[in-house]
Amino acid sequence: MKKFFDKFLSEKFREQTERIIVGIAIVSYLVHLLLIFLVNQDIIHIASKLTKNPISAVYTPFSFILVYEVFLLVFYLPSSTSKYIGKQYEIITLIVIRRLFKDIGHIELSSGWFRLENDLQFIYDVITTLILFFLIQLFYKKIRKQDNAETSRTPKEKVKIGKFIKLKKVIATALIPVLIVLALYSFINWFIASMQDNESHINSFKNINNIFFEDFFMLLIIIDVLLLLFSFFHSDRFHQIIRNSGFVISTMLIKLSFSMEGLVNNVLIVGAVLFGLFILIIHNSYKNSTIPDH
């Protein structure tokens, strides 16, 4: 069983997966460009905004890059809770960037720029991307400081943490087929809905950016809560409980952002990452202080 876990969570498997996904991303980009060319030449007819402008073709390879980021999240799950949360922040940032590539081809350059919904959303997303990039940089800096300040653990603590890591390996390995099934299910549902004339089906998939990832973050919430509960077996320190609980709340805010549109969506995403960053800063400060754990 250990060999099975180590195979799917090894550096070799990660590198192989990276090469495969990068290859698929390149091919998908070229295929998307070809479809746009055929649509513009009236050779084929596809009623989609993603086939109007060549810039929109970047949306497709970015989708596969996001798939790889999802795999990396699973890959880092057993090693570090903070890095695992950091990967969630990277994923939501890439979703915002992908949304930019989807909508950039539909910007209307006019004197009424600030009155057009699509143009305003583009501005929100650009500003949000810059803020998220900066916050994630700060988040990883705090993780490095936390790792450097790690104190030596007792043999008893090492045994407990070792068991917890084994549990996370089991969860991470089980996640891989679950995510594959979820991705296929989401894509098939979207494809069927897009082929039908039923307006209710189409409206249910109106925002293509949410496909798979809305359910994915719901799954992450379930996993985060499970990890929070199991973490009590190896530590009941107050600052760690608050940190892990805060990370769950941060994931919930990201999940909630998928049900919102416009500026509220962006505020929730930035708020989620900002909340996680402050939780980590306070956790590190509390850990390095002289305040007793019990």
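Below 30°, between 30° and 60°, or above 60°: for His239 and Tyr286 the angle between ring planes is between 30° and 60°, a tilted geometry. Under the 30°/60° scheme for interplanar angles, the aromatic rings of Phe75 and Phe71 are found to be tilted.
Taking each heavy atom of Val96 and Asp125 in turn, the nearest pair found is CG1-O, 3.7 Å. The minimum heavy-atom distance linking Ala57 with Pro61 is given by the pair O-CD, 2.9 Å. Closest approach of Phe62 to Arg98, counting heavy atoms only: CB-CG, 3.9 Å. Heavy-atom minimum distance, Phe217 versus Ile95: CE1-CD1, 4.5 Å. Across every non-hydrogen atom of Gln121 and Gly262, the tightest pair is OE1-CA, 3.0 Å. Here the closest heavy-atom approach between residue Tyr84 and residue Leu220 is recorded as OH-CD2, 3.5 Å.
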Going by atom type alone, with no hydrogens or angles, which donor-acceptor pairs under 3.5 Å involve a side-chain atom of residues 269-280 and a protein atom two or more places apart or on another chain?
none

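The distance between the ring centers of Phe164 and Phe230 does not fall below 6.0 angstrom.
Follow the hydrophobic side-chain contacts under 4.5 Å out from Leu77 and you reach Val178 in the same cluster. In terms of hydrophobic clustering, with Ile, Leu, Val, Met, Phe, Trp and Tyr side chains grouped at heavy-atom distances under 4.5 Å, Leu229 and Ile221 are assigned to a common cluster. Hydrophobic clustering of Ile, Leu, Val, Met, Phe, Trp and Tyr side chains at less than 4.5 Å, counting indirect connections, keeps Val27 apart from Leu30. Under a hydrophobic clustering in which Ile, Leu, Val, Met, Phe, Trp and Tyr are joined whenever their side-chain heavy atoms come within less than 4.5 Å, directly or via other members, Ile91 and Ile180 fall into the same cluster. Phe133 and Leu138 fall into different hydrophobic clusters, where Ile, Leu, Val, Met, Phe, Trp and Tyr side chains are chained together by heavy-atom contacts under 4.5 Å.
Of the inter-residue distances, the one linking Lys163 atom NZ with Ile165 atom CD1 reads 13.0 Å to the nearest 0.5 angstrom. To the nearest 0.5 Å, atoms CG (Leu182) and CE (Met218) are separated by 12.0 Å. Considering CG of Leu73 and CD1 of Ile223, their distance stands at 8.5 Å, rounded to 0.5 Å. One distance of note links CD1 of Ile123 with OG1 of Thr128; it measures 11.5 Å at 0.5 Å rounding. In this structure, Ser259 OG and Asn265 CG are separated by 8.5 Å, a value rounded to the nearest 0.5 Å. Taking CD1 from Ile65 and CG from Leu94, the interatomic distance works out to 7.5 Å, rounded to the nearest 0.5 Å.
A salt bridge links Lys87 with Glu90: at least one charged nitrogen is closer than 4.0 Å to a carboxylate oxygen.
Inter-residue side-chain proximity for Tyr124 and Leu263 is flagged as met; some heavy-atom pair is nearer than 4.5 Å. Side-chain contact between Ile24 and Ile20 is present, with at least one heavy-atom pair separated by less than 4.5 Å. Side-chain contact between Lys168 and Thr81: present, with at least one pair of heavy atoms (C-beta onward) separated by less than 4.5 Å. Residues Lys255 and Thr251 fail the side-chain proximity criterion, which asks for heavy atoms closer than 4.5 Å.
A donor-acceptor pair under 3.5 Å is absent between the side-chain atoms of Asp224 and the main chain of Phe247, judged by distance alone. Without hydrogens or angle criteria, Thr173 side chain to Lys169 main chain gives a donor-acceptor distance under 3.5 Å. In terms of modelled atom types and a separation under 3.5 Å, the side chain of Ser80 and the main chain of Tyr76 share no donor-acceptor contact. Between the side chain of Ser245 and the backbone N or O of Ile242 there is no donor-acceptor pair closer than 3.5 Å. Judged by distance alone, with hydrogens and angles left aside, the side-chain atoms of Ser285 form no donor-acceptor pair with the main-chain N or O of Ile282 at under 3.5 Å.
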Problem set entry | Audit row: Tyr89, Phe139, ring pair (Phe, Tyr, Trp, His ring centres under 6.0 Å) steps and yes/no | CA-CA 10 Å; Tyr89 297 159; Phe139 188 83; 5.2 Å; yes
For this session: Output, in order, the C-alpha distance, side-chain angles, deciding distance and verdict of side-chain contact (heavy atoms from CB on, under 4.5 Å) for Leu179 and Val74.
Result: CA-CA 10 Å; Leu179 289 174; Val74 176; 3.6 Å; yes
For this session: Would you please test Ile171 and Leu227 for side-chain contact (heavy atoms from CB on, under 4.5 Å) and show each step?
Result: CA-CA 9 Å; Ile171 293 174; Leu227 292 175; 3.8 Å; yes
Exercise. Between Phe213 and Phe258, does a ring pair (Phe, Tyr, Trp, His ring centres under 6.0 Å) hold up when you go through it step by step?
Worked result: CA-CA 9 Å; Phe213 287 100; Phe258 286 102; 7.3 Å; no
For this session: Might you work through the side-chain contact (heavy atoms from CB on, under 4.5 Å) test for Val170 and Lys166, ending with a clear yes or no?
Result: CA-CA 6 Å; Val170 172; Lys166 286 180 180 178; 5.8 Å; no
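Counting only N and O atoms by type, the side chains of Asn244 and Gln240 include no donor and acceptor under 3.5 Å apart.
Partners of Val22 according to the side-chain contact (heavy atoms from CB on, under 4.5 Å) rule, which considers only residues two or more places apart in sequence or in another chain, are Glu18, Ile26.
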